[in-house]
There are 2 protein chains.
Amino acid sequence: MEISIKQEATCEQELVAIRDSLEILGGKWKLRIMRYLNNHIDEKNTFKKIQREVEGISAKMLSKELRELEINLLVTRTVMDTRPITVNYAMTEYGLSVFPVTETLVEWGLNHREKIK
Amino acid sequence: MEISIKQEATCEQELVAIRDSLEILGGKWKLRIMRYLNNHIDEKNTFKKIQREVEGISAKMLSKELRELEINLLVTRTVMDTRPITVNYAMTEYGLSVFPVTETLVEWGLNHREKIK
DNA sequence: GTAACCAGTAACCATTAGTTAACCGATAAC
DNA sequence: GTTATCGGTTAACTAATGGTTACTGGTTAC
């Protein structure tokens with residue numbers, strides 16, 4: 001009885017945790033952007049470069065998603081003094097903590113593709 | 001050069017894999033439902049019970065999400081011969097493969113809550 | 001006989017998410 | 001002087017998500 005109450009409480013907390021995660025990482029693009037940045041961590045990642053490589057995203061969405069990631073301290077934005085001006089986006093230390101999430105999604109997606117064919 | 005081409009191709013595949021995953025598991029509710037079912041794998045999980053425990057979901061959404069999960073072979077639906085009739089939802093073997101995804105999200109969400117307070 | 005439970009569905013509406021296309025100013029290349 | 005690049009913004013739109021209320025039909029408990 002005590003065990004099952006504890007189990008219920010734990011499950012409830014887990015579901016809240018998933019909700020919290022999805023509030024910040026959910027949607028069509030954020031995890032793809034994070035994965036891209038993770039895979040190009042030592043490079044300059046400009047707005048245009050990200051847009052080219054995260055296939056299908058529009059400037060409007062990219063701009064919005066990057067702003068939200070920045071607000072949540074997962075990404076930094078740096079205006080570079082080049083001609084023409086470029087803006088560099090980079091993962092923060094904290095942003096690196098998202099890696100396991102994208103990793104499991106990559107693995108599940110690859111496996112799923114195998115399965116359905 | 002060859003290495004960077006390979007890296008690019010790999011990254012591209014990874015981003016496609018994430019897109020595929022989110023197509024099936026994305027949205028506000030599916031991963032929460034999957035986690036709930038995972039945590040109650042030996043029990044009868046009726047529609048009403050799931051609705052009570054996945055906090056905030058409406059009958060309409062739960063019905064829609066369960067249908068989609070069923071289509072993708074992650075969940076089974078069984079009408080039980082009880083009075084009144086109940087319907088039991090259960091994870092499939094394949095559904096179990098989603099566990100690592102929910103697990104990383106749970107961990108990230110718990111850690112994030114710690115961090116922002 | 002009336003109220004409640006179960007597993008939904010239908011209709012209607014509001015909000016959010018996401019797309020498309022045009023446009024901005026600054027600068028550089030031709 | 002025209003065109004292109006960069007990092008966006010703006011407006012107008014459609015699609016998806018989600019909420020609310022009411023309803024079904026069969027059954028049981030009071």
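Fair warning: this is a prediction, and the values are worked out from it, not measured in the lab. The chains referred to below are lettered A, B, ... by the order of the sequence lines, with proteins before strands, and numbering in each begins at 1.
In summary, E65(A) and K30(A) engage in a salt bridge, as defined by a charged side-chain N under 4.0 Å from a carboxylate O.
As the counterpart of dC24(C), dG7(D) is assigned, both hydrogen-bonding distances of the Watson-Crick or G-U wobble pattern falling under 3.5 Å.
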Next item on the list: Sugar-phosphate means primed atoms, P, OP1 and OP2; the rest is base. With that split, encode nucleotides 2-16 of chain C 5' to 3' as B, S or - using protein heavy atoms under 4.0 Å.
Entry: ---BSBSS--B----
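Every residue two or more places apart in sequence or in another chain that forms a ring-ring contact (aromatic ring centres under 6.0 Å, His included) with H112(B) is listed here: Y94(A), W108(B).
As rounded to whole Å, 11 Å separates atom C1' of dA16(D) from atom CD of E65(B). Residue M80(B) contributes atom CE, which lies 18 Å from atom C1' of dG26(D) at whole-angstrom precision. Rounded to a whole Å, the CD atom of Q51(A) is 13 Å from the C1' atom of dT9(D). As a whole-Å value, the separation of I57(A) CD1 from dA17(C) P is 14 Å. Between the CD atom of E55(A) and the C1' atom of dT19(C) there is a distance of 16 Å, given to the nearest Å.
Among the nucleotides dG18(D), dG18(C), dT27(D), the one closest to any side-chain atom of M61(B) is dG18(D).
Hydrophobic clustering keeps V101(A) apart from F99(B) (ILVMFWY residues linked when any side-chain heavy atoms are closer than 4.5 Å, directly or through intermediates). Transitive grouping of hydrophobic side chains (ILVMFWY, heavy atoms separated by less than 4.5 Å) brings L22(B) and I24(B) into a common cluster.
Around CD1 of I85(B), the count of heavy atoms belonging to other residues, nucleotides or ligands within 6.0 Å does not exceed 12. Within a 6.0 Å radius of CD in E43(A), more than 12 heavy atoms belonging to other residues, nucleotides or ligands are found. Residue L96(B) qualifies as enclosed at atom CG: its count of foreign heavy atoms under 6.0 Å is above 12.
Remark: nothing in residues 15-34 of chain B comes within less than 4.0 Å of DNA chain C through any heavy atom.
Side-chain contact between R113(A) and L110(A) is absent, with no heavy atoms from C-beta onward closer than 4.5 Å.
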